[in-house]
Protein chains: 2
Amino acid sequence: MLRSNSVTIKDIAKKLGISTSTVSRALTNHSDVNPKTKEAVLELAQQLDYQPNSIALSLRKKQTHVIGVIIPETVNRFFSKAIGGIQDEASKAGYNIMVCQSNESQHIEFNNIQTLLNSFVDGIIISVSKETSSEKPFQRIMDKGVPLVFFDRVVDTLETPKVMSDNYEAAFKATSHLVEMGCSRIARISGPLNLYNSRWRLKGYQDALLHHNLEVNEELVIYSSYAASNVREYTNHLLDLPEPPDGIFAINDQGALEMMHTIKQKGLRIPEDICVIGFNNDYFSAFTEPSLSSVEIPAYELGRIAAELLLKEVQLDNPVYEKRIVPSKLVLRDSTRRIKG
Amino acid sequence: MLRSNSVTIKDIAKKLGISTSTVSRALTNHSDVNPKTKEAVLELAQQLDYQPNSIALSLRKKQTHVIGVIIPETVNRFFSKAIGGIQDEASKAGYNIMVCQSNESQHIEFNNIQTLLNSFVDGIIISVSKETSSEKPFQRIMDKGVPLVFFDRVVDTLETPKVMSDNYEAAFKATSHLVEMGCSRIARISGPLNLYNSRWRLKGYQDALLHHNLEVNEELVIYSSYAASNVREYTNHLLDLPEPPDGIFAINDQGALEMMHTIKQKGLRIPEDICVIGFNNDYFSAFTEPSLSSVEIPAYELGRIAAELLLKEVQLDNPVYEKRIVPSKLVLRDSTRRIKG
DNA sequence: TTCATTATCGCAAACGTTTGCTTCCTATTA
DNA sequence: TAATAGGAAGCAAACGTTTGCGATAATGAA
C-alpha cells in the first residue's frame, strides 16, 4: 500500500535535466541519443536501482509477458511436473506464468479463463478438466486473438497448437505387454470418455486385444473418474467376477498401487495370479511390492513444448497449428514380470 | 498481438454521448451520477461485454491484485498442496497468484523475488529454499513496503507474519512413539541445518531421546539434502554400523519408502527388526508394505493461512506480526506397530 | 424574480512508459 | 556565404482508468 515510491524514468530525467523521452531512448538502446548522455542515464539508472514499471509497459505495449496456465490440479504430480517444464521454458524467454487450477470442474475452468483474459495474459496453456465437454470457452479465447495451446488433455476439434503423448500407442504397448506375459483376460480402468486421452487409450487397449486375437470384453472395462475413492470397490468387483481378470491396465500408478493392495489382501499373488501395469510412472512405483510396471509420460517435456509452441505463437504473428506428439516409454518391473503362461 | 481491440470505457462514453468520467462513476457505483444514465451505462456495458482493463487499473490504483508465491518446487507434494490452499484463499478475495519455484537454489530464489517485485505483486508468500542463508533479499522486500509472509520454511529472525507447523513437537512425538514401541537406537535423517525446520525437528528428536533417558548418538544422525539420490547409500551405512539402529525417523515419506526397500533387501524385517516412521504422510504411505507410519503436516491449511495473513496485511494498512503454529498429527501404521520390548 | 443550493456531469491531470513528429543546433557541402 | 543534412533532444499524445475540481442547469426558497 504505502509502497515506497520507486524511482521512475521521470526522476532520472529531472535529475539529469533532460526529457523523459531521451531517458527512455537511452534505456531501451534506441537511436537518436548522444553516447555521452546515454552513458550518464545508464549510470544514474544503475545508481538509483531503477526498475522499469512493467505495469506501465504492459499498458503501453499491450503485452504483459505473462502466460496463463490452467490445469486440473497442482497436487497431481503429472501436472506439477508439466508446470515445471512450462515455467523453465517461459522464464528463459522472460515470461512469467500465472497458474490456475480448475479442480476438474468445468465451471471453475470457465472462471479461470475469464480471470486470465481479464489479466491480459499474452497466451494460455491449458489441460482441460475431466468434466469439460463444451469447446465454446476455448473458441472464445481464440476469437479474442489470444494464443492458446493445449497439452495432454486436448480438445482435438479446435485449430490451435497441441502437444500430447501417444496415448493410443502407449495403451497398445502396455496391453500387448500384458498379453505377451500370458494374460488373456485383461481389465482396463478407463478415465471418463469425454476426455480425448481416455478415448484413445481405450481404443489402444481394445485394438491390442484384437491384434492378439483376444476378445474385447466390456465387463472388464471400468469407467472411473480419476477420484481415488472407489478403487477398492471396483477392484473387488473385478476379482469377484465368475471369470476374474488375470491382468489389469490401471488408470494410473496411484490407482494401481491401491489395486495391488486390495489384490494382495484377497490372497492373490502379483504377478503370478494377476499382472498389474500402471500409468505415469510415479516416483514410488520402483519401491512398491512388487515394483510396479508403468507407462512413462514425459510430463515435464510436454509442458516445456507447450510453452515453446505458445511462445512461438505469441512472438510471431502468423499462427501455426502444430500438433506435437511426444513418445511414451514402457517401464517394466516386477508386477508384470513372469514366465509366459 | 492482434488482440481484437476490446471495448473500453471510452467506447461506452462515445456511444452514449457522455464523458468517460461519468461512465467510470456509473460503473464503480460512485455517487454523482443520474440513476437513468447509470442504468444506461450498465446496460450498454453488459451488452458490449465490457471488461475493465486490469492493467490500467493496476497502473492507476498501484495495486495489481496479484500475490507472488515462491516455493522450492511444485513437484513436491507438500508444496503443491500448499499452493492449493493459497489459491483458494486468494481467489476468494479476488486475488490471483503468480507462482515461482526456486528449485532449492538461493540464486534462483533471488531472481524470483526480483521478478515478482518488478511485476508489482501486492505481496509475497514464500517458503525458502534449502540453500537460503541470507535474509537480505527478504529484508529488501520489506523495505520496499511489500507485505511478506513466510510459511513452513521460515526465516525466523524477520519481523513479518509466519505460519508453520509445530516442528519440534512433531519430531518429539514421532521419536517418543518409536521409543514407546521399544526402539532404543533411533536414527534420524535430518535436513540441512540452515533450515529452521530441520533444526527444530532435530532438537525435538534429541529432546525426546533425553526425555526417555536414551543417549543422543551423533553417529545415528545423517545430514541429508532433500535430494533422494543417496538414500540407499546412507541406509546401508546405518545398517552396517557395529550397532545398527532399531528405529528410523526419516526425512520424509519418500525417503522412508526407499529406506524400507533397502532394509527389506538386506533381509531385515519391518517393524520387527527395525521401525520406520516418515514425515508428511504422502498418499502412497497407506499402501506400502508394511504401511508406513508418518507425521501429517496440514500443507493445504498452512498455505491457506499464509494467504489469509498476507491478505490481511495487504488490505489493512497496519502490519501485524502474527506467528501461527498449526498442529501436526501422528498417523500410526504397521511400520511402527509392534509389541513393546 | 433572484439568489443559493444541489444534482449531474465534464475537464483534465495523473499513473509510467513509448514513440511519431517537430525543433534546434552544428557541421558539411556547393 | 548560404543551403542542407543530420544528429540530438524535446513535445505531446497515447495506453485505459480514476478522481478532484469546476461548470452547468435545475430546483427550491425568499
_Assess whether a salt bridge exists between Asp122(B) and Lys61(B), defined as any Lys/Arg side-chain N lying under 4.0 Å from an Asp/Glu carboxylate O._
no
*Closest approach of Pro298(B) to Val326(B) (non-hydrogen atoms, all atoms of both residues)*: CG-CG2, 3.7 Å
_When you compare the side chains of Tyr50(B) and Asp11(B), does any donor N or O come within less than 3.5 Å of an acceptor on the partner?_
no
*OG/Ser58(A) to CD1/Ile55(B) distance, rounded to the nearest 0.5 angstrom?*
5.0 Å
_Phosphate OP1/OP2 of dA14(C): any Lys61(B) side-chain N/O under 4.0 Å_ = no
*Rounded off to whole Å, could you give me the CG-to-C1' distance for the Asn53(A) and dG16(C) pair?*
6 Å
*Assign Thr28(B) to base, sugar-phosphate, or nothing according to its heavy-atom contacts below 4.0 angstrom with the strands shown.*
sugar-phosphate
_Ion pair check, Glu73(B) and Lys130(B), cut-off under 4.0 Å_ = no
*Across the strands shown, which category fits Ser24(A) at heavy-atom distances under 4.0 angstrom: base, sugar-phosphate, nothing?*
base
*Length of the line joining Lys14(B):NZ and dG16(D):C1', which is rounded to integer Å*: 13 Å
*Residue that, paired with Leu42(B), satisfies side-chain contact (heavy atoms from CB on, under 4.5 Å) out of Lys38(B), Glu39(B), Gln46(B)*: Lys38(B)
*Between P of dA14(D) and CG of Leu59(B), the distance in whole Å*: 17 Å
*Can you find a side chain N or O atom of Lys10(A) that sits less than 4.0 Å from OP1 or OP2 on dC15(C)?*
yes
*Lys81(B)/Glu301(B) ion pair, N-O < 4.0 Å*: no
*Rounded interatomic separation in angstrom, taking NZ from Lys62(B) and P from dA14(C)*: 14 Å
*Length of the line joining Gln63(A):CD and dC15(D):P, which is rounded to integer Å*: 16 Å
Atom pairs, protein N/O to nucleotides 8-11 of chain D N/O, distance under 3.5 Å:
unit_1  : atom_1 : unit_2   : atom_2 : d
dA9(D)  : OP2    : Asn34(A) : N      : 2.7
dA9(D)  : OP2    : Thr37(A) : OG1    : 3.1
dG10(D) : OP1    : Ser19(A) : N      : 3.2
dG10(D) : OP2    : Ser19(A) : N      : 2.7
dG10(D) : OP2    : Ser19(A) : OG     : 2.8
dG10(D) : OP2    : Thr22(A) : OG1    : 2.5
dG10(D) : N7     : Arg25(A) : NH2    : 3.3
dG10(D) : O6     : Arg25(A) : NH2    : 2.7
dC11(D) : N4     : Ser21(A) : OG     : 2.8

*Quick one: Ile9(A) CD1 to dA14(D) P, roughly how many Å, whole number?*
19 Å
_Tell me the interatomic distance from Phe120(B), atom CZ, to dC15(C), atom C1', rounded to whole angstroms._
11 Å
